[in-house]
Each structure stands twice: as structure tokens, then as C-alpha cells.
Amino acid sequence: MDPEYIKWVQHVFVDLFNKGLIYRGKRMVNWCPKTLTAISDEEVIPTPQKSKLYYMRYAVAGEPGRFVEIATTRPETLMGDTAVAVNPNDKRYADLVGKTAVRPFPETEIPIIADEHIDPEFGTGVLKVTPAHDKADYEIGLRANLEIIDVLHPDGRINCPECPDLDGLDRFEARDKATEKLESMGLLDKVDDYENTVGFSERGHVPIEPRLSMQWFLKYPSVKEATDAVAHNNIVMRPERWRKTYLHWMENIQDWCISRQLWWGHRVPVWYQKEKAGALKNAESLDSSHAADLHVSTEPPTDPENWVQDDDVLDTWFSSWLWPFATMETVDQHLDPENNPDATSRCFYPTSDLVTGPDIIFFWVARMIMAGFEYKKELPFKNVFFTALIRDIQGRKMSKSLGNSPDPLDLIAKYGADGLRFGLMRIAPLGTDVRFDEKQIEEGRNFANKLWNAARYRQMVGDNQELTANSQLLTASLSIYDLDILAKLDDLATNLETAYTNYRFNDVGQLLYEFFWSNYCDWYLEAVKNNFKPDADPKRKTATLTVMDTVLSRFLQHLHPFMPHITEELWEKMGYGNGNDFLMLTPAVGDSAVPAIADRCPNPDQARQQVEAIYQSARVLRNLKAEYNVAANKNIRFIIPSTETAPWSEQELSTLALLTGAKEIATDPSFQADKGTPSALTPIGQLFMPLEGLIDVEAEKSRLNNELAKVEKEFSKAQAKLNNPNFVERAKPEAVTKARADLASWTEKREQLNAMITSLH
RNA sequence: GCGCGGAUAGCUCAGUUGGUAGAGCACCUGGUUUACACCCAGGUUGUCGGGGGUUCGAGCCCCUCUCCGCGCACCA
């Protein structure tokens with residue numbers, strides 16, 4: 001309702017009127033008897049109903065005792081019947097055509113006609129024609145030049161003074177009353193249960209009434225251009241399948257009934273000459289050829305006393321469809337840019353992406369494309385991203401009337417705005433609807449909490465230092481864990497870019513979540529905790545802090561669009577903005593930062609492999625501890641009975657001990673394992689876990705055999721694959737290479753496990 | 001009637017050119033080692049809706065059936 005926006009709405013109305021595309025006419029429209037207004041086809045919701053099919057008889061005039069049987073769902077409109085129709089090819093009734101039938105009340109003779117529309121298979125093959133109250137009947141009426149008798153008031157009550165017992169009754173009460181009357185006259189044969197689909201008013205929630213009414217209509221502009229734009233992928237829809245839906249609608253487009261009989265809305269900018277107003281309003285049609293008697297303008301007439309403005313307002317989408325440009329420039333700027341230099345500075349038209357729901361693809365998207373092209377001679381956007389619809393846990397669409405929509409404010413109170421936002425983004429897949437489950441929002445809150453605590457930890461272990469991440473990184477002595485997490489941070493940036501490019505926002509959420517929770521918190525932070533012990537090397541501590549700041553600050557940048565509040569808060573509290581820059585105003589990572597790792601270490605792969613070996617070993621050893629129920633025992637020692645521990649330094653082994661919750665990992669070439677000492681095969685070799693008094697040869701044998709069984713299974717699978725000549729010949733080379741590597745790895749594990757089992761004997 | 005989705009662990013859902021089925025929650029076991037119990041470690045869980053086909057190989061491709069959802073048309 002901004003004054004400038006109102007001007008646009010009026011300008012477009014006037015323009016389309018002058019182009020002959022807007023006209024006023026008496027047409028069959030969808031009428032809502034509850035809200036007392038016309039509505040568009042798109043606002044009619046077809047709803048399956050359990051109703052009745054009434055079989056009744058009309059007497060054939062002049063042939064006493066002869067009747068035609070008619071099946072109808074709406075006996076209450078019988079007073080508006082002006083014909084009875086059969087299919088011209090229906091031999092059963094061929095002799096009746098041209099005769100007349102007797103409408104029982106108000107009693108009169110009506111013609112029996114033939115029309116192609118009648119389906120001989122339906123009911124009795126005979127249709128009562130009520131041109132005022134059915135769209136198809138209206139068409140038949142036009143073809144046969146039938147009289148039109150309107151027997152309903154706008155609110156759905158019967159308007160038929162000739163039948164006092166029906167007059168004034170609600171349409172559904174009248175249905176029963178009319179049935180009773182027919183029955184008492186002996187004209188009702190039977191009533192069958194019947195399931196049909198009835199159009200309901202989207203807002204009024206009552207069956208709509210097809211009604212002959214004076215309304216304003218629009219013949220859509222720029223239809224061809226809007227169709228071609230999508231057909232030729234100048235506008236790309238995601239998911240792509242909506243394209244077909246769009247094109248189907250565009251190819252069968254109908255004129256749009258744009259007038260509404262409501263109090264609120266943009267008023268139709270049309271004034272009628274006072275003395276001719278009555279006649280003009282009831283004219284069969286009005287268009288630009290009547291311009292002389294009308295004032296159609298964005299400005300009211302200068303002599304208002306001589307004019308009467310049209311009472312109707314416009315469909316709400318008649319203003320919405322102008323949104324891409326009407327929000328960007330005023331009509332004056334549009335029409336006369338030279339004298340309104342602001343026009344270019346404010347106008348972001350076209351934009352790149354429209355994000356919306358597929359339920360308004362016709363209401364809004366299609367119409368914006370048409371209006372955009374019509375007024376800007378250019379398409380309004382290049383991509384349309386249709387989000388998923390969030391349904392309730394039972395799969396129902398959320399709606400006010402069902403009351404199944406959670407209040408966002410309640411959710412925000414419980415989980416925080418960022419938690420809600422992140423939770424939703426993580427379940428926003430490309431292409432399908434999703435059931436809303438509060439658990440998923442809880443996950444968002446937990447993630448925010450995790451982030452907060454990780455930042456707190458950073459503050460706990462070291463002073464807040466001014467972050468000059470890149471230069472400090474270059475001089476720091478980085479551990480393999482540092483290199484590993486920085487390389488993963490680089491990977492994250494790359495993967496996020498891909499996900500964004502493909503509009504896979506749930507992937508973005510997943511990538512952010514996994515990197516931070518798993519890679520950074522669960523592994524990296526745990527692996528570097530030794531560096532904060534009192535006796536740790538200060539240089540190593542500084543390097544670790546620098547890496548933590550690098551990861552945290554970049555991660556906050558990556559996460560910011562998904563969790564704007566907490567990231568902004570931490571950005572400030574951690575001092576990453578140097579006390580003056582908002583994170584919101586900081587260029588995105590891809591625009592500003594060099595890759596974290598590339599300059600420092602051109603080939604981090606070796607470090608990554610070493611780290612993976614340590615982490616994988618930690619998993620195996622944790623597992624071993626769990627299997628022997630000593631997971632909580634911090635005094636456990638692991639022994640490597642070999643000197644061949646290179647490249648594993650004391651430091652890496654102590655990190656591994658930290659990660660496994662063990663006292664130490666010791667190399668001891670002289671170690672002689674007692675038979676039955678639990679041991680495990682890890683990427684860094686075979687490790688023993690001596691347990692005082694807990695040695696049980698049989699238990700250990702059975703455990704190792706279990707493990708061997710799994711390995712054997714994988715081994716045979718890999719072997720079978722490579723023994724298949726078809727695979728080796730036809731599969732992709734990468735697949736074959738990988739299969740060979742797998743087989744080699746399983747072979748080795750198999751041999752080692754066998755050796756371990758043999759040593760128990 | 002025409003068209004479009006969906007059916008994968010108990011639940012909500014990922015699974016990107018066909019190549020050893022995943023996440024979170026739930027559940028079970030153990031854990032308060034000074035970031036986090038909104039947490040940590042470990043574990044259990046699948047005839048990938050049914051049937052058929054193509055292929056060396058199918059959750060993924062083709063055909064068919066069943067069920068759920070959506071759009072369009074019709075509905076006397």
C-alpha cells in the first residue's frame with residue numbers, strides 16, 4: 001500500500017486497458033457465497049465430496065404418461081432450468097429433440113435440445129440445462145440461445161419468489177426441500193450415493209457457486225515470451241520438473257478475473273460518467289473502445305462530482321506480479337529516467353534468483369515473468385528455486401485452519417533463531433516435501449551450543465591475540481594435525497562452493513556440521529590438547545592457537561548465512577573483526593582469503609595420510625578397549641613390539657595415547673606377549689594391550705577369529721570381483737585399480753590376522 | 001482420465017555420471033580426563049515397497065504392480 005506502489009498498480013491497469021487487454025464483461029466466474037466476491041480459477045480448491053445423485057422425471061409435453069429421466073446433483077437449481085439436453089447421437093432420445101419437457105416448478109415448458117457436450121454414458125444420458133448456475137450449462141445455453149434464469153442470491157440463498165416454499169432458503173436446505181417436493185409430486189425415482197469433486201473457495205471454505213457476473217478480466221500480456229523463456233532455459237527452474245508444470249499452464253492459459261468485491265485492496269482506477277454509470281456498469285462488455293465514456297487513469301477526474309468510481313478492488317496478485325520492478329523504481333522513474341536520475345541507482349532488475357514455494361508457481365512466478373517482460377522488456381530473474389514445502393509430521397500441509405503450524409516465535413524461544421534456521425536448512429532438500437520434526441530443530445540448537453563451547457575453549461587455552469591468520473600461519477611450525485585440519489578447511493570451501501552452485505543447501509548444512517563437529521571438535525581439538533599442558537612447547541602452543549583462530553574465523557564466515565546471530569556475536573567476542581568490522585560486512589571467504597594450506601605446504605597429502613593413520617589407529621584401539629570393558633581405564637598401556645615405528649615419533653604416539661585414553665603407547669622390541677594378550681592390527685602396526693590377570697587365550701582367539709571372518713568375507717568379495725574377467729575388461733580403469741588395492745589390503749590384513757591367531761597356539 | 005513426485009535402519013531423511021548401503025534422533029554399554037550431558041567413547045539396527053528385465057555388477061537404468069502425496073482436466 002506504499003503510494004508509489006499503488007501508482008504502479010494503477011499505471012499497469014491503465015496501460016493494459018489501453019492496450020485492449022483488460023476488459024469488463026459478464027462472464028461465468030467462480031463466486032464465493034461466503035466472502036461475496038469473485039475469485040480466480042487458482043483460488044478454487046477441488047475437493048472430493050460424498051454427495052447424492054438424484055434421479056427425477058420431467059414429463060414430455062403433449063405425450064401424457066411419457067417422461068424423461070434426468071440425473072442431477074443439484075435439484076435446488078431446477079427452477080433455473082431452461083432446457084433439457086441429450087447427445088445428438090443418442091438414439092434412445094432422438095425423437096424427443098425438438099419437443100418440450102415440463103419443468104415441475106415453477107411449472108413451465110422448456111425445450112428438449114441436442115448438444116455434443118452430453119455424455120450418453122453418464123446417469124440417464126439426459127442433462128437439465130441451468131445456464132445461470134453451471135459453466136458447461138452456460139456454454140450450452142449460449143449455443144442454443146437459451147434464456148438465463150438466476151435463482152440464487154449472491155450469498156447462496158434461493159431467489160425464486162414464484163416458489164415461496166423455497167425462496168430465501170440456503171442452497172443446501174433448498175436441496176432437501178426441492179427433493180421433498182419432487183417426491184411428493186411423484187417425480188423422484190431414486191437417490192444414489194455419489195462421490196464427486198466440488199470446488200471450494202480457498203478463503204471461504206464453502207463450495208463456490210458458478211455465477212454469471214460482471215467482472216474485470218485480463219488477457220495476459222507477453223505470454224509467448226514468458227513461455228519461451230522457460231522452454232528455452234533462459235529461466236531455469238529447480239527442481240527442473242516444475243518446468244513442465246509451468247509450460248502446461250502457460251499453454252492452456254485462461255483470461256484472469258482480476259476484480260474482487262472486497263473492502264481491502266487496490267481499487268480499480270476506472271470512473272464512470274455519472275449519468276451513464278448505471279448503463280455502463282451493466283453493459284454486456286466494456287473495453288478501451290468505450291474510453292470516451294470512461295475515465296481510466298492513475299489520476300482521479302478533475303471534476304469528481306461528475307464521475308463515479310468503480311467499487312471493485314483488484315486481486316491481490318495483481319499487485320504482487322509487479323514486484324520485481326515495482327519495488328525498485330517508481331513509475332515516474334520508469335517513464336522518464338532522465339529527469340529521475342535515481343532510477344538506475346536503485347534498480348536491481350533483473351535479479352539472479354527467485355526463491356519461492358511451488359504452490360504459487362501460477363499465482364506469482366508465471367505472472368511475474370509476464371509482467372516483467374511486458375514492462376522491462378527483459379526477464380525478471382534467471383533462476384527459480386522452489387523450496388520444499390514443510391508438512392506436519394502426519395504429512396499434511398501446514399495451514400491456519402488445521403492449526404498444525406508451529407509458531408516460529410515459540411520455536412525461537414526454545415531453540416534460538418539460529419537453531420531454527422540451521423535446523424530447517426539442513427532438512428531443505430532439493431525437490432521434495434519434508435515432514436517437520438522438532439528433533440531436527442533441536443539439532444540446530446545443539447550445533448549452536450557446540451560452536452559456542454568450542455569458541456569458549458579457544459579463549460580458555462590462550463590469550464586473545466590479534467588475528468593475522470595468514471602471515472602467522474606462514475611462520476608457524478605446523479604439526480601434521482594442523483596441516484590436516486587446514487587442508488580439510490580448504491576442502492570445505494571447495495565443497496561448499498559446489499553445493500551452493502548446485503543449489504544444494506541441505507548439503508551446505510551437512511558439510512558445515514560435519515566439518516565442525518567431527519573434523520574440528522572430535523578429532524583436531526582432541527589431538528592437540530597436549531599442546532596446552534603446562535610443560536608443552538610454547539612455540540607449538542602458539543602455532544595451535546593460530547590454527548584454531550584460522551579455522552574458527554573462516555568457519556564463522558562460512559556458517560554466517562546459516563547462523564547469522566551467533567556467528568556475528570562470536571566474530572566480535574573473539575576479536576576476529578579487529579574490533580571494527582561486522583562479519584556481515586566482511587567479504588565471503590572465497591572472495592578474500594587465499595587457501596589456508598596451499599602456501600604453507602604445497603603437498604599436504606603426506607601429513608593427511610599420517611593423520612588418518614593415527615585417527616584410524618585410535619578408532620581400532622578404542623574399540624579394543626571397549627571389547628575388553630576397559631574403555632574407562634586410563635592406565636592401559638599399548639605396546640608396539642618393534643623398533644620400526646618411523647615415521648611415528650614420540651609425539652605422535654603420545655597423541656595417539658591421548659586420543660585413546662591410554663597411559664602410553666610404548667615401543668618395546670624386547671616385549672614378549674603372553675599368549676592371549678589382546679592385540680589389534682592398526683595402520684601403524686600390531687599393538688598389544690597387556691592386561692594384568694585378565695588374559696584369556698580362548699576369548700582372544702575367538703575375538704580375533706571374529707575379526708578374521710569379517711576380513712575373509714571382504715577378501716573373497718574383492719577376489720571374486722577381480723576373478724571375473726568381465727569386470728576387469730569392462731569396468732572403468734579406476735574401479736579396477738581400486739579393486740586391486742582393496743584386494744591387496746585385505747590380503748595383508750588376512751595374513752597378519754592369521755599370524756596373530758597362530759601365535760596364540 | 002492425463003501428468004509429476006515419493007516408498008532406504010524403530011523415526012525424520014541423505015545417497016550427484018551403475019562399482020563394498022550413510023547421517024541425526026531413538027535404543028544398549030561405558031564415561032563429569034578443567035569447551036560442551038544441548039556432551040564424549042563404543043555398539044546394535046536394513047529381503048533399499050512387490051515382481052520382472054538390462055548388465056560382469058542395480059538403491060540408482062527399463063517394464064509392471066501396490067500404496068501415499070501433488071498438479072491439471074472432468075465431474076449432470
Side-chain angles (χ1 to χ4, degrees), chain A residues 46 48-49 51 53-54 70-74 85 117-119 122-130 134 136-137 194-199 239 241-242 244-245 248-249 252 358-359 361-362 389 391 393 395-397 415 419 426-427 429 431-440 442-443 445-461 498 502 504 506-507 510 513-514 518 521-522 525-526 529 532 618-619 622-627 629-634 658-661 713-714 717-718 720-721 724-732 734-736 738-739 742 746:
Chain A
Q49 293 288 297
S51 19
L53 192 57
Y54 303 85
I70 302 170
T72 181
T73 54
R74 301 203 65 186
H117 174 261
I118 283 74
D119 174 6
F122 188 93
T124 60
V126 185
L127 174 70
K128 71 183 198 64
V129 185
T130 324
D134 184 279
D137 290 15
Y194 181 62
E195 198 159 303
N196 64 345
T197 304
V198 176
R241 63 192 159 82
W242 290 108
K244 205 166 171 179
T245 306
H248 182 258
W249 189 77
N252 296 281
D359 51 339
I361 186 170
F362 309 135
L389 285 186
R391 318 188 84 91
I393 198 71
R396 299 174 305 178
K397 192 169 165 177
Y415 303 110
R426 277 200 71 195
I427 55 168
T432 183
D433 289 355
V434 70
R435 287 168 198 243
F436 180 77
D437 186 349
E438 218 170 290
K439 283 281 178 209
Q440 289 155 326
E442 202 176 310
E443 217 175 282
R445 175 201 58 182
N446 294 353
F447 188 57
N449 190 56
K450 187 77 178 176
L451 179 67
W452 187 264
N453 280 310
R456 222 159 54 116
Y457 179 69
R458 163 63 188 86
Q459 289 196 316
M460 247 184 58
V461 295
T498 305
N502 296 323
R504 300 187 59 104
N506 56 327
D507 281 2
Q510 185 62 33
Y513 186 94
E514 200 175 295
S518 174
C521 292
D522 288 349
L525 286 188
E526 296 304 325
K529 275 185 176 170
F532 300 120
R619 288 186 198 103
R622 281 170 180 172
N623 200 307
L624 186 65
K625 285 181 81 181
E627 288 194 65
N629 277 324
V630 292
N633 190 335
K634 293 189 282 286
L658 177 72
L659 290 172
T660 51
K713 201 173 150 193
E714 296 301 330
K717 263 203 233 170
K721 202 171 197 177
N724 179 346
N726 284 314
F727 172 71
V728 180
E729 280 167 32
R730 300 193 210 173
K732 275 177 280 187
E734 308 93 84
V736 178
K738 187 173 177 299
D742 285 349
W746 291 121

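If you're wondering where the values come from, they're calculated on a predicted model, not measured in any experiment. Order of the sequence lines fixes the chain letters, A, B, ..., with proteins taken first and strands second; residue numbering starts at 1 for each chain.
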Short side-chain to backbone donor-acceptor contact, N724(A) and A720(A), under 3.5 Å | no
L658(A) near the nucleic acid: base, sugar-phosphate alone, or nothing, with a heavy-atom cut-off under 4.0 Å?
-> nothing
Find the distance K244(A):NZ to rC4(B):P and express it as a whole number of Å.
-> 4 Å
Indicate, with a heavy-atom threshold strictly under 4.0 Å, whether Y194(A) touches base, sugar-phosphate, or nothing.
-> sugar-phosphate
Could you tell me whether A731(A) contacts a base, only the sugar-phosphate backbone, or nothing, with contacts defined as non-hydrogen atoms closer than 4.0 Å?
-> base
Would you mind telling me which residue lines up with the more 5' stretch of RNA chain B, N623(A) or A136(A), judged by nearest nucleotide?
-> N623(A)
Any side-chain N or O of R504(A) less than 4.0 Å from the OP1 or OP2 oxygen of rG15(B)?
-> yes
Partner set under side chain to side chain contact (heavy atoms under 4.5 Å, CB included) for D522(A), not counting sequence neighbours | K450(A), W517(A)
Read 5' to 3' with Watson-Crick or G-U pairs under 3.5 Å, [ ] for crossing pairs and | for partners on another strand, RNA chain B gives (((((((..((((.....[..)))).(((((.......))))).....(((((..]....))))))))))))....
Separation of rG19(B) C1' from N726(A) CG (nearest whole Å) | 14 Å
Set of side chain to side chain contact (heavy atoms under 4.5 Å, CB included) partners for E526(A), sequence neighbours left out = K529(A), L659(A)
Report yes if at least one side-chain N or O of H248(A) is closer than 4.0 Å to OP1 or OP2 of rC70(B); otherwise report no.
-> no
Non-neighbouring partners of T498(A) that pass side-chain hydrogen bond (donor to acceptor under 3.5 Å, both in side chains), sequence neighbours left out | none
Does R241(A) place a side-chain N or O at less than 4.0 Å from the phosphate oxygens OP1/OP2 of rG5(B)?
-> no
For E443(A), report the nucleic acid contact type (base, sugar-phosphate, nothing); a contact means any heavy atom under 4.0 Å.
-> sugar-phosphate
List for me each residue that meets side-chain hydrogen bond (donor to acceptor under 3.5 Å, both in side chains) alongside T130(A), sequence neighbours excluded, and say none if there are none.
-> D81(A), K128(A)
How does protein contact run along nucleotides 32-40 of chain B, one letter per nucleotide 5' to 3', with B for base contact, S for sugar-phosphate only, - for none, heavy atoms under 4.0 Å?
-> -BSBB-BSS
